[in-house]
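Down below is the structure, laid out as structure tokens.
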Protein chains: 2
Amino acid sequence: MLKLTKKADYGLMALKYLAEHPEMPALSAKDIADAYGIPAQLLAKILQQLTKSGLLRSHAGMNGGYALAREAREVSAFEVILAIDGPFFITSCTKGKTGCELTPSCTIREPLARVNDTIAGVLKSISIQDLAEHEHPPGHAREASALVELTL
Amino acid sequence: MLKLTKKADYGLMALKYLAEHPEMPALSAKDIADAYGIPAQLLAKILQQLTKSGLLRSHAGMNGGYALAREAREVSAFEVILAIDGPFFITSCTKGKTGCELTPSCTIREPLARVNDTIAGVLKSISIQDLAEHEHPPGHAREASALVELTL
DNA sequence: GAATACCCGACTTCTTCGGTCCGAGTTCAG
DNA sequence: CTGAACTCGGACCGAAGAAGTCGGGTATTC
């Protein structure tokens, strides 16, 4: 449970890849898919979603492809996941238009909503660039540490 | 995405309900199911899992039912979710026995594993009792705040 | 021994994720 | 201008997992 979809995974990988190759004006879906061994067609769809969400810029035609619309530093993992999987909520019914159909039940929700916010905060604090700079052989932990507060 | 299953929801609700009624020596699955309007049979199965995991104690026969095996304060939301949905991981492949099958790809995983730990930490910091004490009309936020650190 | 309640595995249904296919529009090179 | 290379975007499908149901078995109390 509590896992993000492969699409989101792929999306993050793709953005990371783009961040690692800033010299390229554009990379095609196939390039990225091949680099990671993921189905090209699927990646294509994901990249399309990211484009529609404004995280990527696409360029059709030969030597076309995708490029980051913003600096890698300015794109958070949260945005990516949001663009691909839509708004996420820990709980099944969290304030959907219908609220919780279960009787006066959902007293659970309120505390969990805080947890939800916390997670969102963590994901917002992580940028694509952070993912790309994975070159820290376990030992000297990088200090981009983020402090997150949770108030029940 | 990133949502927990209804089973986990139900489990948390049930434990919360038990925590709110410490005077009762035992509550049947049906009692709890009726209180929240959730399918009794399903809840029963969930409670059984929780019993097997040692979070609840069951007692058969008339006036039997379930009771918390530990103090509500001593049971974390993390344990409940773990007991019901099994170990969760943000990423699809996080260190499964096979590791990540994708080429040398999973560079994403390492940073996300940290996120995973952070979330786990947050959930561990929340007890069933915290859920039961939901009586804080928005205004005077309770200060059971937990500080969680995330180091990329 | 009957009523109540837990125990537990099998089964059905339903949703959604992961993945594929294909047609259409766009851009660039020759 | 024509065609190759590429993106765009919707339709489609199979598999997996979640949600919920059913039925038989066992323990406990009255």
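Computed from heavy atoms alone, side chains included, the values below leave out hydrogens, waters and symmetry copies. Each chain gets a letter, A, B and so on, in the order its sequence line appears, and its residues count up from 1.
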> Within this structure, what is the CG-to-P distance between Leu42(A) and dT16(C), rounded to whole angstrom?
Replying inline: 18 Å
> Where along residues 22-33 of chain A does a heavy atom fall under 4.0 Å from DNA chain D?
Replying inline: Ser28(A), Ala29(A)
Could you go through nucleotides 11-15 of chain C and list every protein N or O atom that sits under 3.5 Å from one of its N or O atoms, giving the distance for each pair?
none

> Does Tyr66(B) put a side-chain nitrogen or oxygen below 4.0 Å from OP1 or OP2 of dC7(C)?
Replying inline: yes
> For Gln48(A) and dT20(C), what is the distance between atoms CD and C1' respectively, to the nearest whole Å?
Replying inline: 14 Å
> Between dG20(D) atom C1' and Asp9(B) atom CG, what is the distance in whole Å?
Replying inline: 15 Å
> Looking at residues at least two apart in the chain, or sitting in another chain, which of them share a side chain to side chain donor-acceptor pair (under 3.5 Å) with Ser28(B)?
Replying inline: Asp31(B)
>> Among residues at least two apart in sequence or on other chains, which ones pass side chain to side chain donor-acceptor pair (under 3.5 Å) with Lys30(B)?
In response: Asp34(B)
> What pairs meet the salt bridge (Lys or Arg N to Asp or Glu O under 4.0 Å) rule with one or both residues in residues 58-72 of chain A, with sequence neighbours excluded?
Replying inline: Arg70(A)-Glu79(A)
> Are there more than 12 heavy atoms of other residues, nucleotides or ligands under 6.0 Å from atom CG of Asp117(A)?
Replying inline: yes
>> In whole Å, I'd like the distance from the CG atom of Leu50(B) to the C1' atom of dC6(C).
In response: 14 Å
> For the atom pair NZ (Lys6(A)) and CE (Met13(A)), what is the distance rounded to the nearest 0.5 Å?
Replying inline: 9.0 Å
> When rounded to the nearest 0.5 angstrom, what distance separates CG in Leu56(A) from CG in Leu50(A)?
Replying inline: 5.0 Å
> What's the NZ-C1' distance between Lys52(B) and dC8(C), to the nearest Å?
Replying inline: 8 Å
>> What is the distance, to the nearest angstrom, from the CD1 atom on Ile46(A) to the P atom on dT20(C)?
In response: 12 Å
> To the nearest angstrom, how far is Ile84(A) atom CD1 from dG19(C) atom P?
Replying inline: 13 Å
> Measuring from Ile128(B):CD1 to Leu15(B):CG, what's the distance to the nearest 0.5 Å?
Replying inline: 4.5 Å
> Any side-chain heavy atom of Leu27(B) within less than 4.5 Å of one from Tyr17(B)?
Replying inline: yes
> Backbone N or O of Leu55(B) within a donor-acceptor pair of the Ser53(B) side chain at under 3.5 Å?
Replying inline: no
With the criterion being N/O to N/O and under 3.5 Å, what pairs connect the protein with nucleotides 22-30 of chain C, and how long is each?
residue, atom, partner, partner atom, Å
dC28(C), OP1, His59(A), NE2, 3.2

> Taking OP1 and OP2 of dG20(D), is either one under 4.0 Å from a side-chain nitrogen or oxygen of Tyr10(B)?
Replying inline: yes
> NZ of Lys16(A) to OH of Tyr10(A): how many Å apart, nearest 0.5 Å?
Replying inline: 15.0 Å
> What's the CD1-P distance between Ile38(B) and dA18(D), to the nearest Å?
Replying inline: 17 Å
> Tell me, do Lys52(B) and Gln48(B) make a side-chain contact under 4.5 Å, heavy atoms counted?
Replying inline: no
